[in-house]
*Asks:* 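First, the structure itself, so that you have it in front of you.
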Amino acid sequence: MRRQKISQLLSSGTAGQAITICGWVRSRRESKNFAFVVLNDGSCQDTMQCVVDAGTAAFDMLAKCQTGAAIRVEGVLKESQGKGQKWEVQALAIEVFGEADPETYPLQKKGHTLEFLRDIAHLRPRTNTFGAVFRMRSALAWHVHDFFQRRGFRWVHTPIITSSDCEGAGEMFTVTSMDLAKVKAGPGGAVDFSQDFFKKHAHLTVSGQLEGEFMAMGLGDIYTFGPTFRAENSNTTRHLSEFWMIEPEMAFATLQDDMALAEDFLKHLFAAAVRDCRPELEFLEKQYQTIKIDDLARLSETKFAHVTYTDAVAELKKAPVKFEFPVEWGIDLQSEHERYLTDVIFKGPVIVTDYPKKIKAFYMKQNPDGKTVAAMDVLAPRIGEIIGGSQREDRLDVLEARMREMNLPVEEMGWYLDLRRYGSCPHAGFGLGFERLVQYVSGMGNIRDVIPCPRAPGLISH
Ligand code: 4AD
Ligand code: MG
């Protein structure tokens, strides 16, 4: 079935051109002499208005062209007399593929809440909002690759099933083929994973970093872009149990290089969104008023602020507000603190560096002060942490001592220590939560609205 996409016709159609379009009916208006059927085919934010004259065979099909029906229209492209659109289609023939019963079709009316649409995630891609968000998600993913590929970073595919806990936070989903009704206990009553498929405890990855590191130690600059899983019990607007993460890793690089890369990367993505997703952004800006395209364009050209964790804590302690979680050197910054830094103090994205080692992962390079590590988080207004990264500990003795101190399985992670044993070098990387990026750029308030099938505690509907 040859069809033209509405996006194509709107950008390069010519008057009088014979066309065939397929799409879903957004609305239908009938009068005695003619009718309008408005179609969207997912190719762009815009719709195409089809004019159907009374007395034609197409007019006889109108009863089946309910809101939501999938149809094909053959006709002629002509300049529209009406306001709001340049082109319209004079319909000559209509074929109805699938009707949508107005009595039961959930998207019969406009103006549903995002909460309502979340319960019908399988139908929401047909709405203006989710069309915009998912087209933008696709464009941003493309630009992630574009950014790294142009700089000579290699895309590497790290495992989804793994036996190491990169972040050491223990927030992992177990992967097993055991019959849970017959699980055998091992010594001490714990589950005996030596009976399991992999003969040890396996889980879904919380980060591709550790494997990314060994790829960088041969290929130089790499990045991962894949699904990531966290079994943390966080029911918030910025946490998912399954999300996509982008993790670049650079050999021969310091924290300074890492921060420069993170800043260039985000700016590249902001600029790309403004350039390539304008109709989507214009729709979202008008509809929700959480983003301003001009702000995004300006951000793509403004230097990010930098502050050390120690200075950030000092600023927060001086703040004339009462935080729910009191601020003390050594605490993990809560979202209220992050938001105060971005929204009130720095009024934009800020890179916080040199966190206390106690609240960060084992692999981060220890600073000479013995208390902090060469870590950096990029905090963004509205979202808080959007990127987390660090220079990695490249000294074998220091890393091993830290792992023992944190009771990590040093023997099992001999492969990771090998990277420090043989040809160790300064290296650094970071992780960008892809949904947090999409959330930030689109202005969507809830991270569950920027991924087709959100997973969160108690939520797995598709
Ligand atoms: O700060 P995180 O935990 O860092 C890492 O995983 C490192 N291994 C990254 C690295 O250095 N290669 O996670 C990185 C980012 C966060 O800044 C956040 O944007 C996102 O991943 N993220 C989540 N996004 C959605 N839902 C969750 N539950 C997330 N947890 C982290
Ligand atoms: Mg983090």
Side-chain angles (χ1 to χ4, degrees), residues 137 140 144 148 153 156 158 162 164-173 204-216 221-250 253 255 257-259 261-262 265-266 269 309 332-335 338 342 349-353 355-356 359-365 373-380 382-393 416 427-441 444 446-451 454-457 459:
R137 184 178 166 115
L140 287 168
V144 165
F148 286 119
F153 283 62
V156 303
T158 48
T162 172
S164 45
D165 177 5
C166 173
E167 293 307 300
E171 293 162 335
M172 297 175 299
F173 291 100
L204 295 177
T205 186
V206 295
S207 158
Q209 178 195 322
L210 303 188
E211 296 86 356
E213 278 187 58
F214 78 62
M215 293 301 283
D221 291 339
I222 63 94
Y223 67 104
T224 71
F225 188 171
T228 309
F229 308 87
R230 302 225 174 151
E232 57 190 319
N233 198 9
S234 300
N235 254 309
T236 78
T237 54
R238 36 182 231 133
H239 286 89
L240 289 167
S241 313
E242 176 180 303
F243 61 100
W244 286 64
M245 186 152 49
I246 298 134
E247 295 184 274
E249 191 72 31
M250 298 179 285
L255 187 68
D257 302 316
D258 203 32
M259 291 191 288
L261 183 74
F265 181 42
L266 286 176
L269 295 171
Y309 169 91
D332 212 353
L333 297 180
Q334 302 294 318
S335 54
E338 293 177 345
T342 53
V350 54
I351 307 188
V352 182
T353 61
Y355 283 80
I359 57 168
K360 288 291 185 187
F362 72 96
Y363 51 71
M364 295 190 179
K365 181 152 181 127
V373 284
M376 62 109 180
D377 277 2
V378 182
L379 312 182
R382 286 187 278 114
I383 308 286
E385 181 190 337
I386 189 164
I387 280 181
S390 71
Q391 188 169 336
R392 319 306 188 190
E393 185 54 77
Y416 189 67
H427 62 290
F430 64 78
L432 167 71
F434 187 54
E435 285 73 18
R436 291 205 184 158
L437 169 82
V438 180
Q439 214 188 337
Y440 182 68
V441 174
M444 297 303 282
N446 194 319
I447 198 165
R448 297 176 189 191
D449 295 335
V450 299
I451 188 165
R455 273 85 178 88
L459 179 69

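In each ligand, atom 1 is the first atom listed, and ligand 1 is the first ligand listed. We're numbering straight along the sequence, starting at 1.
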*Asks:* Indicate, as side chain, backbone, both or neither, the part of Thr228 found under 4.0 angstrom from ligand 1 when only non-hydrogen atoms are considered.
*Replies:*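 The answer is neither.
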
*Asks:* Evaluate whether atom CG of Asn446 has more than 12 neighbouring non-hydrogen atoms of other residues, nucleotides or ligands under 6.0 angstrom away.
*Replies:*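 For Asn446, atom CG is crowded (more than 12 foreign heavy atoms under 6.0 Å).
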
*Asks:* Number the atoms of ligand 1 from 1 as they appear, then name those within less than 4.0 Å of a heavy atom of Arg392, with their elements.
*Replies:*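 Close to Arg392: 10 (C), 11 (O), 12 (N).
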
*Asks:* Taking 2.8 Å as the upper limit, name the protein N, O or S atoms near the Mg ion (ligand 2).
*Replies:*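 Near the Mg ion (ligand 2), below 2.8 Å, one finds Glu385 OE2.
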
*Asks:* Taking NZ, NE, NH1 and NH2 as the nitrogens, is one of them in Asp258 or Arg392 under 4.0 Å from a carboxylate oxygen of the other?
*Replies:*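 Looking at Arg392 together with Asp258, the answer is no, because their closest N to O distance does not fall below 4.0 Å.
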
*Asks:* Answer yes or no: is there a side-chain heavy-atom contact under 4.5 Å between Leu269 and Leu432?
*Replies:*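 The answer is yes; the side chains approach within 4.5 Å.
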
*Asks:* Return the orientation label for the Tyr416 and Phe362 ring planes: parallel under 30°, perpendicular over 60°, tilted otherwise.
*Replies:*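 Perpendicular, since the angle between the ring planes exceeds 60°.
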
*Asks:* Could you say whether the N/O atoms of Gln209 and ligand 1 ever approach to under 3.5 Å?
*Replies:*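 Gln209 vs ligand 1: N/O contact under 3.5 Å present.
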
*Asks:* Between ligand 1 and Glu232, can you find any atom pair, the residue atom being a heavy atom, that is separated by under 4.0 Å?
*Replies:*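 True for this residue.
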
*Asks:* Record the part of Glu435 in heavy-atom contact with ligand 1 below 4.0 Å; permitted values are side chain, backbone, both and neither.
*Replies:*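 Neither; no heavy atom under 4.0 Å.
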
*Asks:* Side chains of Glu338 and Ile383: does their closest heavy-atom pair fall under 4.5 Å?
*Replies:*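 Of all side-chain heavy-atom pairs linking Ile383 with Glu338, none is under 4.5 Å.
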
*Asks:* Taking the side chain as every heavy atom from C-beta outward, state whether Thr224 and Glu211 have any atom pair closer than 4.5 Å.
*Replies:*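 No, every pair of side-chain atoms sits at 4.5 Å or beyond.
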
*Asks:* Quick one: does Tyr363 get within less than 4.0 Å of ligand 1, heavy atoms only?
*Replies:*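 Distance cut 4.0 Å: Tyr363 passes for ligand 1.
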
*Asks:* Using side-chain heavy atoms (C-beta onward) and a distance below 4.5 Å, is Phe225 in contact with Trp244?
*Replies:*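 Yes - at least one pair of side-chain heavy atoms lies under 4.5 Å apart.
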
